[in-house]
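See below for the structure under consideration.
In what follows, every chain begins at residue 1, and chains take the letters A, B, ... in the order their sequences are listed. Side chains are part of it too, since the values below use all heavy atoms of this structure and drop only hydrogens, waters and symmetry mates.
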2 protein chains.
Amino acid sequence: MGARKPNISDVARKAGVSNGLVSFVVNNRPGVAPETRQRILDAAGELGWRPSPSARSLSLKTSFALGLVIRRKEDLISADPFFPAFIAGLESVLASEGRVLVLSVVSDVAAELRTYRTLAEDSRVDGFILTDLQHNDTRFKLLEELGVPAVALGRPGEGVTVPCVQLDDTRGIAGVVEHLVGLGHTRIGHVAGDPAMVHGGRRRESFDAAIAEAGLDGTLVIETDFSAGGGAEATRRLLDNPHPPTAIVYANDPMAVAGLGVAQRRGLRVPDDLSITGFDGTDISGYVFPALTTVTSDPVEWGRVAARTLLAYIANGKADDVELPPAALLIRESTSPPARHDGAFPAGVPASARGTAAAHK
Amino acid sequence: MGARKPNISDVARKAGVSNGLVSFVVNNRPGVAPETRQRILDAAGELGWRPSPSARSLSLKTSFALGLVIRRKEDLISADPFFPAFIAGLESVLASEGRVLVLSVVSDVAAELRTYRTLAEDSRVDGFILTDLQHNDTRFKLLEELGVPAVALGRPGEGVTVPCVQLDDTRGIAGVVEHLVGLGHTRIGHVAGDPAMVHGGRRRESFDAAIAEAGLDGTLVIETDFSAGGGAEATRRLLDNPHPPTAIVYANDPMAVAGLGVAQRRGLRVPDDLSITGFDGTDISGYVFPALTTVTSDPVEWGRVAARTLLAYIANGKADDVELPPAALLIRESTSPPARHDGAFPAGVPASARGTAAAHK
DNA sequence: CGGAGCGTGTAAACCGGTTTAGTTTGGTCT
DNA sequence: AGACCAAACTAAACCGGTTTACACGCTCCG
C-alpha cells in the first residue's frame, strides 16, 4: 500500500527540518548542530531512506559509475582469463563505495572510441580504467578532449598525465630466462605478444635484455597477438627452425598452453625436449600436463588498486602512480635441463603424431 | 568557451517551441506537426544535443542499464570462458539501444543478494540477466519482491515467471554419448558439474538417460563444481576405479582439459587408452593435444538473445521464452575406439610419470 | 449560430536531490 | 543599548528532462 519509497522530503518532515539540512547531513557537511544531525539520521534510519542515485547524478553531474571498455576480436574474446579476476578486484572496492562498474566489450577500434565518447558525453561514467595499453594509444587524446579522468594499467608513453598502476613484469621475464639459463639452456625462444601493446612490447624487450645479459642468441623471437592460435602458429615456426630452441618463453599462458599442444603433437617431450614457460599464472596452466612453469601476477589486487587509484584521482584531481609487487616466478613441471642431443629433433618422433590435427586452422 | 553542453531548452529556443514539444519529438510521440518536428530535429542536430540520461532517469525512474551479477569463488573466477563472449553478445544489443551493462562480480551468496537488492532499490538497473541458475534459486523470490524484471539463462523450476533463454544441451550430451558408444566404448564415465546448478544437474541427467538408453553401466559419475581443479580430482577418482572407464564425458571444457592433464600424467594415451570429451567449445580446447572433442555452443548469440528478450520484457511486460539452436557435437582428436585390452591400466606406464606433480593441491 | 471535437502547442508541476543566498537566533564587544 | 558576528537553519533556484492540464484556432455538424 503506502510503501512508496521515501524521499528526502519525507525525512525532512519527520525530523522537522528543511530538505537542505538533510542533504547537508548525509553529505557530512559542517554547520549542523550535533543534536539536529542525530535527529535527521534517526529519521532517515527509521524510514529506511537512502538518497536516490539518479537525483544525485542529475544535480552533481556525476554518475557514481566507472567505465571499463574491453576491445577484443570476436573470436578470441574468451581467451583472456585476466579480466574476470581483475573485475572482481575492481568490484570489491566499488561496492563499498556505492559505485558501480559499467562494462563494455567491443570488437573494433571505431566502436571502442565511440563507446568511450558516448559514455563520457552522456555522463554515464565518472572515469575509465584503461587496459591493454597500446603504444601511441589514441584513447589518451580522446579522454583528455572529453575531460574524463582515467587510470592506466601499465605505463603509457611520455606526455600522458593519467595516473598509472603498474606491475613490473620485466623482473618476471628476467627471472624466467635466468631460470632457463641456469638449467643449461642456450637456445631460448620467445613467443611475444602483440608488439603494438605496451605489455607485449615490454615483455619482449625484457626478454631481449635478459638474453643479451646471458650472452645468448636473441633471434628466436616471434611476435604474435597473445591468442592461443597465434601462440600455436608461432611455436610451429620456432620448431621448424633448422636449429630450434630447447626452451620457449611465452608472453602469456594461453599461448603457452597452445604451444605445449603443438610440441606434444610433434612428439616432443616437454620438458625433456623442450622447456616451456607461461606468463600470468592462470588457473588452467596448473592443470595441463606438464604443469606450466609460469610467472604469477595478482589480477584481483591489480583491480583493487586500480579502482582505488581512479577514485582518488576523481576525488582529488590527483593520484600517485602505483607500483605493484613484481610478478613472481612459479616453477612447476614444464622446465628442465635440455636433453643431451645435438641434432634438431629427437629420434623416433612418430609420423602419425604430426599433422593429424583436423580442427586447426 | 561557450561550449557548454546544450540542453533541451537551448533546442526549444532555437526551434522556437516549448521544452515539452522537444521532448515529444525525441520520444516519437504523436501530436506534433511534421514541419515543426523537422524544425526541432534540425535544431537538435545543429546543436549536437542528446537528452541527458541522468535527467531522463530521474523523470522516468529508469536507468537505461541492465545488470549482470556473477558469483564465483575467488579462486576459480577466471575459469569460465563463457562470460566474456556472452557479455560481448549482450553489448552488441545494448549499445545500439543506448543502454549500458552494469556488471558485478561477487564471491558469496550474501554479497550476491545484497548486490541485487542495492542495484534494484537504487534504480541503477532496469532488469537483470540471471546466469548460473540454481535449483530453488533464491534470486527469483528476491527479484519478485523487488519488482524488477529479469531473464533467466536456462529453464528455472516451476512457478517462476521470468522469461528464459535456453539452449538444449541434452542433445549435446546425448550426441557425445552416442558418438562414444558408436566407437565401441562400454565403460563411459561422466565428470558432472555442480549438481546444485540447473545446467550441472541437467547435463548429468542427460548423461544418465543416454547411458541407460545405450544399456550401459551408469555408475561412473562424479559430481564436482565445474572447476579445473574439481575436474582433475574427479578424473583421478574415476581412473582409480579398479575397472576404470575408457571414455570420460566432462560437463565443461576446463574440467576436460584438467582431466586430460591427469590422464597424461598417469601415462595414459589419449584417445587410445582414454577418450575425453569437453563441453562448450572454448578456444583453448582446440589447442591442447590432442584437441578435444567437444560440444560447441554460441555464447555470443546467447548474449544477444538474452539482451533482446530482457529489453522486450521490460518494454512490454511480457516476452516469450526462446530456445536456441542446440549445441553441436564437434569431433576432434580426443576420442577414438577403445584400445583392445581388458585389464585396468595399459602395461608400461612409467612410474616416473605418476605423482610427480608439485603444484597440485 | 453554438458547441463538440480535433490538431497543435504551451505553461507548469514533477522527479529527488544539491546548493546558494538569506534569515533567524543568541552571544559578545564596546 | 546598539553594532556586529557566527552558528544554525530555511526557502528557493537549479540540474534536465517528462508529463499533465489546459489554451487556442479550426472544422464539422445539428
[X]: partners by salt bridge (charged side-chain N to carboxylate O under 4.0 Å, His left out), with sequence neighbours left out:
X	value
A/Glu301	A/Arg304
B/Arg155	B/Asp321
B/Arg99	none

In this structure, how many angstroms lie between the [atom2] atom of [N] and the [atom1] atom of [X], rounded?
X	N	atom1	atom2	result
A/Lys5	C/dG17	NZ	P	9 Å
B/Glu35	C/dG7	CD	P	18 Å
B/Lys61	C/dC15	NZ	C1'	6 Å
B/Asn7	D/dG16	CG	C1'	6 Å
B/Phe64	D/dG17	CZ	P	12 Å
B/Leu58	C/dC15	CG	C1'	4 Å

_Please report the end-to-end axis angle for the helix from C/dC1-D/dG30 to C/dT30-D/dA1, five pairs per end, rounded to 10 degrees._
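For the helix from C/dC1-D/dG30 to C/dT30-D/dA1, the axes at opposite ends meet at about 60°.
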*Assign B/Thr36 to base, sugar-phosphate, or nothing according to its heavy-atom contacts below 4.0 angstrom with the strands shown.*
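If one applies the 4.0 Å heavy-atom cut-off, B/Thr36 turns out to touch the sugar-phosphate alone, with no base involved.
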*Hey, which sits more toward the 5' end of DNA chain C by its nearest nucleotide, B/Gly31 or A/Ser9?*
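Closer to the 5' end of DNA chain C: B/Gly31.
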*Does B/Arg114 offer a backbone N or O that forms a donor-acceptor pair with the side chain of B/Thr118 under 3.5 Å?*
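A pair under 3.5 Å: yes.
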*ring-ring contact (aromatic ring centres under 6.0 Å, His included) with B/Trp49: which residues, sequence neighbours excluded?*
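Residues passing ring-ring contact (aromatic ring centres under 6.0 Å, His included) with B/Trp49: none at all.
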*Determine, for nucleotides 18-25 of chain C in 5'-to-3' order, which nucleotides have protein heavy atoms under 4.0 Å from the base (write B), from only the sugar-phosphate (write S), or from neither (write -).*
BBB-----
*Using 30° and 60° as the class limits, which term best fits the ring planes of B/Phe86 and B/Phe82: parallel, tilted or perpendicular?*
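Parallel.
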*For the residue pair B/Leu143 and B/Ala150, what are the closest heavy atoms and their distance?*
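Here B/Leu143 and B/Ala150 meet closest at CD1-CB, 3.9 Å.
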_Note, B/Arg72 side chain near B/Asp132 side chain (heavy atom, < 4.5 Å)_ =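 Touching, per the 4.5 Å side-chain cut-off.
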*So which of B/Glu112, B/Glu144, B/Glu145 actually passes salt bridge (Lys or Arg N to Asp or Glu O under 4.0 Å) with B/Arg139?*
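Only match with B/Arg139 under salt bridge (Lys or Arg N to Asp or Glu O under 4.0 Å): B/Glu112.
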*Out of D/dC9, C/dG17, D/dG17, which has the shortest distance to the side chain of B/Ser52?*
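Looking only at side-chain atoms, B/Ser52 lies closest to D/dG17.
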